[in-house]
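Keep in mind it's a predicted model, so treat the numbers as computed, not measured.
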Amino acid sequence: MSWPPANGKPFRPSNGTEGCIFESRYCEHCSRDAAFRQDMENNDGCEILAAAHAGEQPPQWVWRDGMGHCTNFREDPDNPARCLKTKEMF
């Protein structure tokens, strides 16, 4: 197996830390999960994230340029993400 996996191959976080990083880059800034972030008791949230938490492999989570990527990511204009291509400094 070559590293990184080819673009379009299924992405699954290898551990909880990698999953938290992925969610902080995408899910926490996605309009698909915005209503859930605002009212966690009265909204279902993103079905893609729910499926991943249930142990399923979401087809929307794929490798792109050596990193996990969600093909259904839609930036929440009220909670914009930083540039997803910028590397962490710390």
side-chain contact (heavy atoms from CB on, under 4.5 Å) involving E23 - partner list, sequence neighbours excluded: C27, L49, H53
Qualifying salt bridge (Lys or Arg N to Asp or Glu O under 4.0 Å) pairs with a residue from residues 45-63, counting only residues at least two apart or across chains: R32-E47
Partners passing side-chain contact (heavy atoms from CB on, under 4.5 Å) against S31 (at least two apart in sequence or in another chain): R74, D76
Pairwise distance CZ(R25) to NE2(H69) - rounded to 0.5 angstrom: 10.5 Å
Distance-minimising heavy-atom pair for N79 and E28: ND2-O, 2.6 Å
Proximity of W61 and F22 rings by center, below 6.0 Å: yes
Shortest non-hydrogen separation from A52 to P58 and the atoms involved: CB-CG, 3.7 Å
Criterion side chain to side chain contact (heavy atoms under 4.5 Å, CB included) on V62 and N7, from CA distance to verdict: CA-CA 7 Å; V62 297; N7 287 346; over 6 Å; no
For W63, ring-ring contact (aromatic ring centres under 6.0 Å, His included) partners two or more places apart: W3, F11
Minimum heavy-atom distance between P5 and K9, given as atom pair plus value: CB-CB, 4.4 Å
Partner residues of E75 under the side-chain contact (heavy atoms from CB on, under 4.5 Å) criterion, sequence neighbours left out: F73, P80, A81
Residue list, side-chain contact (heavy atoms from CB on, under 4.5 Å) with T17, at least two apart or on another chain: N15, I21
